[in-house]
Amino acid sequence: MNKGYLYAFFTALCWSTAGLFVKFINQSAFVITGCKALIALLFNLIFMRKKMRVSLLIIGVGMVQFMVNFTFAMANQMTSVGNAIVLQYSSMIFALIYESIEKKRLPYLYQIIVIILAMIGMTVFFQDSISFESTLGNALAIISGAFFGLQFFLNADSKANAESSLMFQYIISILFMLGYMAIKRDINFTSQDVLFIGLGGLFQTALAGVFFSLCIRRIPAFTANVICMSEIVMAPLWAYLLLQEAFSCFSLIGSLIMMVALMYNVTMEYRMRHP
């Protein structure tokens with residue numbers, strides 16, 4: 001079995017902890033993102049020790065990844081969590097569009113079926129929380145999805161270097177945090193803030209970055225995006241286990257539909273590679 005599938009799943013597993021840790025942090029999105037980026041940067045410098053490469057593509061991917069986080073944070077402030085997650089995972093559609101333009105061909109039928117199943121599953125999953133009242137927040141979530149899909153697509157390029165791009169993303173996030181802190185000045189951290197920012201920096205940023213860079217080299221961008229979609233099933237699971245936030249009937253049905261979409265995509269990928 002291609003290890004890329006497993007690395008993509010581990011990426012989603014790490015990303016899925018983000019919402020859980022944020023519940024315990026009383027700081028601005030700029031501070032949370034920047035602090036986690038600082039921890040991830042130090043983690044990479046100490047443990048990974050890989051030479052940082054520089055090119056317009058690598059820097060561009062780093063900026064794209066920063067925009068994913070920035071627009072998603074903004075979307076969460078202006079619309080519901082359900083809206084933001086569902087609309088951000090329109091990234092699968094964007095990843096498929098980018099891939100089709102590059103290869104100058106229409107998407108395969110199975111890819112279209114996967115997208116339809118996934119979007120139905122996500123809509124059912126968040127049926128109780130989806131609304132169309134926060135237009136700007138919804139628009140930002142879709143923009144985040146466009147950047148999210150673009151990061152998968154660009155990192156699949158043979159000239160890309162996912163590790164270096166992540167380092168640039170961390171640096172950009174830190175610079176924005178420092179700018180924000182210079183303006184606010186009176187920012188105080190509690191021990192709880194420090195603990196959960198630290199955990200978020202380690203799992204949701206540092207380790208997720210390592211697994212993402214490993215998976216994107218081994219499997220197509222669209223497939224990586226679909227597998228990482230399992231994040232939105234695991235995130236509520238942690239909330240249920242640790243915060244006693246119960247699953248609704250719609251959540252369970254939506255989760256099942258999304259898992260079917262994921263399994264169908266992986267199966268079709270295997271069949272196409274091993275006819």
Side-chain angles (χ1 to χ4, degrees), residues 10-48 62-85 88 126 129 134 137 140-141 144 147-148 151 165-213 228 231-246:
F10 285 149
T11 302
L13 183 64
C14 291
W15 280 345
S16 70
T17 62
L20 178 65
F21 294 147
V22 167
K23 291 275 189 182
F24 299 98
I25 303 171
N26 185 31
Q27 295 291 337
S28 116
F30 283 110
V31 174
I32 294 171
T33 303
C35 286
K36 290 194 297 184
L38 179 59
I39 292 168
L41 182 63
L42 293 173
F43 177 88
N44 277 267
L45 291 174
I46 295 171
F47 297 103
M48 304 307 293
M63 180 59 72
V64 166
Q65 291 171 327
F66 167 75
M67 288 302 297
V68 170
N69 295 325
F70 178 74
T71 52
F72 187 64
M74 291 289 290
N76 271 287
Q77 293 174 346
M78 299 181 183
T79 189
S80 69
V81 173
N83 278 26
I85 293 177
Q88 193 199 40
F126 292 104
S129 60
S134 305
L140 283 168
S144 181
F147 282 116
F148 197 30
Q151 81 162 349
S165 291
L166 284 168
M167 297 288 274
F168 276 107
Q169 176 204 333
Y170 301 152
I171 292 170
I172 293 168
S173 299
I174 292 167
L175 290 175
F176 269 89
M177 176 190 70
L178 292 176
Y180 176 85
M181 293 178 76
I183 295 172
K184 288 292 183 180
R185 296 187 181 180
D186 58 339
I187 296 175
N188 298 307
F189 290 87
T190 66
S191 57
Q192 181 170 291
D193 289 339
V194 172
L195 172 62
F196 287 100
I197 285 176
L199 290 173
L202 177 61
F203 289 99
Q204 192 258 329
T205 307
L207 291 177
V210 172
F211 289 130
F212 176 78
S213 64
C228 286
E231 168 199 357
I232 64 175
V233 176
M234 289 185 281
L237 179 61
W238 305 138
Y240 170 73
L241 293 175
L242 301 175
L243 301 176
Q244 286 74 54
E245 292 183 4

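Minimum interatomic distance between C228 and A12 (heavy atoms only, all atoms of both residues): O-CB, 3.5 Å. Summarising the geometry of F148 relative to V68, their closest heavy-atom pair is N-CG2, 3.4 Å, with the distance given to 0.1 Å.
Side-chain contact check for F66 versus F176: some heavy-atom pair is nearer than 4.5 Å. For the pair T205 and Y170, the minimum side-chain heavy-atom distance is below 4.5 Å.
L207 pairs by the side-chain contact (heavy atoms from CB on, under 4.5 Å) definition with C14, F43, L202, F203, F211, not counting sequence neighbours. Residues passing the ring-ring contact (aromatic ring centres under 6.0 Å, His included) test with F147, sequence neighbours excluded: none. Legend: residues meeting side-chain hydrogen bond (donor to acceptor under 3.5 Å, both in side chains) with Q65, ordered by chain and number and at least two apart, are Q151. In this structure, the side-chain hydrogen bond (donor to acceptor under 3.5 Å, both in side chains) partners of D193, at least two apart in sequence or on a different chain, are Q27, T190.
Taking the six-membered ring for Trp, W15 and F72 have ring centres at least 6.0 Å apart.
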List the atom pairs, donor and acceptor, that lie under 3.5 Å between side-chain atoms in residues 30-41 and the rest of the protein, sequence neighbours left out.
from: T33; atom 1: OG1; to: A29; atom 2: O; distance (Å): 2.8
from: K36; atom 1: NZ; to: Q204; atom 2: OE1; distance (Å): 2.3

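Not one N or O on the side chain of S144 forms a donor-acceptor pair closer than 3.5 Å with the backbone of L140.
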